Amino acid sequence: MPELPEVETVARGLDQSLEGRTFTGVTVRWPRTVARPEPAQLEQQIIGRRVQSVGRRGKYVVVELDQGYLLIHLKMSGRLLVVAAGEPLEGHVHVFFDLDDGRQLRFHDVRKFGRVYLVDEPEQITAGLGPEPLDDDFTLDDFSRLLARRSGRLKSLLMNQQFLAGLGNIYADESLFAARLHPLRGADSLTPDEKARLYDAIRSVLGQAVDSRGTTLDDRGYVDASGRAGAFQAQIAVYGRRGQACLVCGTPVERIVIGGRSSHFCPRCQT
DNA sequence: AAAGCACCCTGTACGC
DNA sequence: TGCGTACAGGGTGCTT
């Protein structure tokens, strides 16, 4: 599932390959994928727009145009691929954009949860997101202050994009393992040392995952804009490892459901 | 404020 | 072999 490291990797690839390109057409094959404007208006609004840069906010890919912004959320299964227009159109391509150099930006999404937005300002979509955990100016003090106002379970909190932007199920579980904190711990129960451990763990796990170009769990999983898989799966400690030995102590990894989402943790290491 | 759940979707795993 | 069904997952919206 694309989370912050995967979206960051996609955005970096798109920034390289799309900068300076102009959109010359768009085809919508599954209208619900286009959240706004109305699919019929997308064409007239995006043709002629030029890409200035591609970045990321939370789990959104943010394409800065000479006028307006194209935002894409990959949700569960979305892929953004840049290919020559002559390449056969794969199944599950719900929207594709023609570029002025004979290539296409294709939005491929088996689950159809992903969404595309064309807006004047990115904040129209991203205003509710919490801070970026990897920003230089996101400090331990900031994190402690955010935690102080919360009382829910750590796992649910880390998954809440309004609390912190970019963590999903994989990196929330991995961060809690790295911090040696149980996913059901109350956010208001942490000692100063535990808060520091969690802050460090989130930044360390996300940073390493970005360096590894994200996590690709199987051959249908995440790939970047050039179709390349990530490598962080080799460093996964608990996610998806139910029943397997904890890499630190050998205790079987447990899986429980929190807030309707699976949570993986070591019952001995995480307290 | 937080928890629980249905919803959106489809491929896959599983039971019979 | 083939069918039906449960499940996974991020985010939103609704109810408790």
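Computed from a predicted structure; not experimentally measured. Chain letters run A, B, ... following the sequence lines, proteins first, then strands; residues in each count from 1.
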Checking side-chain polar atoms at under 3.5 Å, does A/Asp109 have a donor or acceptor matched by the opposite partner on A/Ser77? yes

What integer distance in Å separates A/His73:NE2 from C/dG9:P? 16 Å

Of A/Glu8, A/Glu6, A/Glu3, which meets salt bridge (charged side-chain N to carboxylate O under 4.0 Å, His left out) against A/Arg56? A/Glu8

Contact check, side chains of A/Tyr69 and A/Ile125, non-hydrogen atoms, under 4.5 Å: no

Expressed as a whole number of angstroms, how long is the span from A/Met76:CE to C/dT12:P? 15 Å

Looking across every strand, which nucleic acid part, if any, lies under 4.0 Å from A/Ser77 by heavy atom: base, sugar-phosphate, or nothing? nothing

What integer distance in Å separates A/Arg185:CZ from B/dA2:P? 16 Å

Please report the distance, rounded to the nearest Å, between CE in A/Met159 and P in C/dT12. 12 Å

How does protein reach along nucleotides 3-13 of chain B, written 5' to 3' as B (base within reach of a heavy atom under 4.0 Å), S (only sugar-phosphate), or - (no contact)? SS---BBBSS-

Angle of first-five versus last-five pair axes in the helix from B/dA2-C/dT16 to B/dC16-C/dG2, to 10 degrees: 60°

Within-4.5 Å side-chain heavy-atom neighbours: A/Val63 and A/Ser53: no

Of A/His264, A/Arg261, A/Lys155, which is the lone residue that meets side chain to side chain donor-acceptor pair (under 3.5 Å) with A/Asn169? A/Lys155

Ignoring the backbone of A/Gln161, work out which of C/dG9, C/dG11, B/dA2 is nearest its side chain. C/dG11

Is it the case that the side chains of A/Thr139 and A/Asp142 hold a donor-acceptor pair, with the cut-off being a distance below 3.5 Å and no angle test? yes

Going by an N to O cut-off under 4.0 Å, is there a salt bridge joining A/Asp188 and A/Arg150? no

Partner set under ring-ring contact (aromatic ring centres under 6.0 Å, His included) for A/Phe177, not counting sequence neighbours: none

Within this structure, what is the NE2-to-P distance between A/His264 and C/dG9, rounded to whole angstrom? 7 Å

With respect to the phosphate group of B/dA2, does any side-chain polar atom (N or O) of A/Arg149 fall under 4.0 Å of OP1 or OP2? no

Is A/Asp224 salt-bridged to A/Arg12, cutoff N-O under 4.0 Å? no

Quickly work out the A/Leu129 CG to C/dG10 P distance and round it to whole Å. 15 Å

Over how many whole Å does the gap from A/Leu74 atom CG to C/dG11 atom P extend? 11 Å

With a 4.0 Å limit, can you tell me whether A/Tyr222 has a side-chain N or O closer than that to the phosphate oxygens OP1/OP2 of C/dG10? no

Touch check for A/Tyr171, heavy atoms < 4.0 angstrom, all strands: base, sugar-phosphate only, or nothing? nothing

Please give, in whole Å, the distance from B/dA1 P to A/Leu147 CG? 16 Å

